[in-house]
Amino acid sequence: MPDALLPPDQPTPLLGGLSPADFMRRHWQKKPLLIRQAIPGMRAPIRATALRRLAREDDVESRLIWREDGEWAMEHGPFSRLPKASEPDWTLLVQGVDLHDDAIAALRDRFRFVPDARLDDAMISIAGTGGGVGPHVDSYDVFLLQAAGRRRWRISQQKDLELQPDVPLRILQDFRAEEEYVLEPGDMLYLPPQVAHDGVAMDPDCMTISIGFRAPRRAELARGLLEAAADALPGMPATAGERLYRDASQPATATPAALPEALVDEALTAFAAVRLDRALAADFLGAYLSEPKPGVVFEPADADCSPLDADWPQSGTLVLARSTRVLYTGRKLFINGEPAEAPASARLRALADTRRLACAGRAPSEAEREALETWREAGWLHWVPDDAR
Ligand code: SIN
Ligand code: CO
């Protein structure tokens with residue numbers, strides 16, 4: 001069951017006594033923050049053996065990074081063999097653990113004071129003593145939560161981000177550490193994008209959880225919006241009676257290979273009529289950013305004997321599956337990359353924001369009920385009886 005959202009103005013140990021509002025104002029995208037005992041008395045929420053098991057699966061993205069004779073080496077999973085915990089100088093990184101484990105999904109959801117549209121995933125590393133991925137920068141905002149063992153982080157705001165050539169991973173050529181911290185279980189370091197960092201495991205059971213936030217590239221946004229505009233164009237595919245290029249005043253030519261200038265003008269005139277507005281941008285972003293991560297598979301539920309039939313249940317809670325992504329904008333709601341059939345009513349927006357919906361009380365409208373049942377059958381949400389909590 002998802003935890004309640006953190007109130008924006010309430011100071012929290014998770015952010016070192018800052019409220020989410022203060023954190024966003026002072027640190028988000030601006031400067032690092034070291035938080036001692038963000039999660040007091042933390043014990044690893046997942047076992048290293050479970051991560052090793054995930055790294056065997058081919059729908060899970062994993063990487064093994066190690067050093068051999070002073071040289072960096074990297075391999076992508078799935079892995080049938082991994083180094084023993086007692087061996088030094090290796091680290092295993094497993095992406096999207098929140099999509100496979102409820103405890104990690106619940107941990108991820110503690111960071112929902114940042115809009116879901118920015119969330120990437122919870123990546124977890126385990127490492128032998130000395131293991132790390134080398135000094136680098138990320139284009140992500142990241143909360144690096146120490147879950148087990150100790151890790152020494154060195155960070156730098158240096159401007160020189162030149163990379164070492166001929167190395168299979170992105171390692172800074174000339175890393176000059178400005179600050180150094182040893183993180184113990186429960187400690188956390190927030191880093192904005194482009195802050196250079198290097199984390200080295202100090203114990204054989206080192207585990208670090210990275211809650212990462214993606215920032216879409218401008219080119220990616222522009223291309224996506226143009227594709228959405230192209231899909232919305234009338235006349236694609238061709239329709240009868242649509243406007244065609246006309247060149248009634250084209251004179252006879254002695255240079256037939258030359259492209260007529262009037263055709264260039266026509267292409268620009270046609271483009272000027274393309275609809276590019278806020279509604280289209282919001283539709284594109286809602287669908288694009290709510291797409292499930294690659295490899296996500298939902299378990300469809302039985303359509304017979306649905307608890308959400310015409311007699312709406314007066315007990316139980318609807319809970320979004322941990323991999324489901326929902327975004328809304330105005331009256332439109334997008335779930336797992338698709339526009340919802342029902343409008344984004346107050347009830348559906350509350351489900352999206354809190355990731356759960358108590359069934360007791362006023363029954364939903366027929367459109368809401370149908371949408372909820374469709375999502376339940378697709379495995380995008382589950383009905384949890386009260387006694388299962
Ligand atoms: C890690 O080694 O767990 C974190 C990798 C990173 O620095 O991004
Ligand atoms: Co990093």
Side-chain angles (χ1 to χ4, degrees), residues 29 32-35 38-39 42 44-46 48 50-52 54-55 60-67 72-77 82-83 85 87-98 104 107-108 111 119-158 161 163-164 167-173 175 177-215:
Q29 294 254 301
L33 178 65
L34 171 69
I35 303 151
I39 301 191
M42 176 153 193
I46 187 167
L51 292 167
R52 287 170 177 269
L54 279 175
V60 175
E61 197 187 324
S62 58
R63 282 166 293 158
L64 182 67
I65 293 169
W66 70 99
R67 295 195 78 157
W72 290 100
M74 175 172 77
E75 243 177 58
H76 287 276
L82 286 165
E87 288 176 37
D89 293 341
W90 64 273
T91 184
L92 170 74
L93 304 138
V94 185
Q95 293 293 150
V97 182
D98 52 318
I104 304 301
L107 182 67
R108 166 202 75 191
F111 295 84
L119 176 71
D120 188 44
D121 70 352
M123 188 265 287
I124 306 191
S125 70
I126 52 172
T129 306
V133 304
H136 65 283
V137 289
D138 295 311
S139 51
Y140 280 38
D141 294 84
V142 66
F143 293 92
L144 297 155
L145 174 63
Q146 194 57 23
R150 291 167 306 154
R151 184 179 283 273
R152 187 193 65 185
W153 284 103
R154 294 185 303 148
I155 68 171
S156 167
Q157 310 251 21
Q158 66 192 65
L161 302 179
L163 299 179
Q164 282 183 22
V167 182
L169 55 166
R170 291 175 301 114
I171 306 275
L172 289 173
Q173 174 104 271
F175 177 63
E178 291 161 356
E179 275 165 85
E180 177 174 323
Y181 319 103
V182 172
L183 268 65
E184 309 236 351
D187 292 345
M188 185 166 79
L189 180 61
Y190 161 74
L191 295 178
Q194 307 302 323
V195 173
H197 54 286
D198 184 21
V200 177
M202 297 176 71
D203 298 304
D205 59 351
C206 179
M207 183 189 294
T208 305
I209 303 177
S210 300
I211 316 284
F213 293 84
R214 62 182 169 183

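The figures that follow rest on heavy atoms only: side chains count, while hydrogens, waters and symmetry mates do not. Nothing fancy with the numbering, it's 1 onward along the sequence. Just follow the structure's listing: the first ligand is 1, and inside any ligand the first atom is 1.
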(message) Listing by chain and number, which protein N, O or S atoms are under 2.8 Å from the Co ion (ligand 2)?
(response)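 You should have found His136 NE2, Asp138 OD2, His197 NE2.
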Find all atoms of ligand 1 within a distance of less than 4.0 Å from any non-hydrogen atom belonging to [X], and give their numbers and elements.
{"X": "Asp138", "value": "8 (O)"}
{"X": "Trp153", "value": "4 (C), 7 (O)"}
{"X": "Thr208", "value": "3 (O)"}
{"X": "His197", "value": "6 (C), 7 (O), 8 (O)"}
{"X": "Ser125", "value": "1 (C), 2 (O), 3 (O)"}
{"X": "His136", "value": "6 (C), 7 (O), 8 (O)"}

(request) Check for a donor-acceptor pair, side chain of Gln146 on one end and backbone N or O of Ala148 on the other, with a separation under 3.5 Å. (result) yes
(message) Check whether Asp120 reaches the backbone of Phe213 with its side chain - one donor and one acceptor, N or O, closer than 3.5 Å.
(response)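 A pair under 3.5 Å: no.
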(message) What I want to find out is whether Arg150 reaches Asp187 closely enough, with some N-O distance under 4.0 Å, to be called a salt bridge.
(response) no
(message) For a quick check under 3.5 Å, do Gln95 and Arg63 share a side-chain donor-acceptor pair by atom type?
(response) yes
(message) Could you report the tightest heavy-atom contact between Leu172 and Leu163, atom names first, then the distance?
(response)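 Answer, listing the atom of Leu172 first, then Leu163: CD2-CD2, 4.0 Å.
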(request) Identify the residue among Arg170, Arg151, Arg154 that makes a salt bridge (Lys or Arg N to Asp or Glu O under 4.0 Å) with Asp198. (result)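 That would be Arg154; it is the only one of Arg170, Arg151, Arg154 passing the salt bridge (Lys or Arg N to Asp or Glu O under 4.0 Å) with Asp198.
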(message) If we check side chain to side chain contact (heavy atoms under 4.5 Å, CB included) with His197, which of these qualifies: Leu189, Ile155, Val137?
(response)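 For His197, the side chain to side chain contact (heavy atoms under 4.5 Å, CB included) check succeeds only for Ile155.
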(message) Quick check with a 6.0 Å cut-off and a 45 degree axis cone: is Arg67 positioned over the face of Trp72's six-membered ring?
(response) yes
(request) Measure from the ring center of Tyr190 to the ring center of Phe143 and say whether it is less than 6.0 Å. (result)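 Yes, the ring of Tyr190 comes within the 6.0 Å limit of the ring of Phe143, centre to centre.
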(request) Identify, for atom 5 (C) of ligand 1, the protein heavy atom at the shortest distance, and state residue, atom and that distance. (result)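 Protein heavy atom with the smallest distance to atom 5 (C) of ligand 1: Val133 CG2, 4.0 Å.
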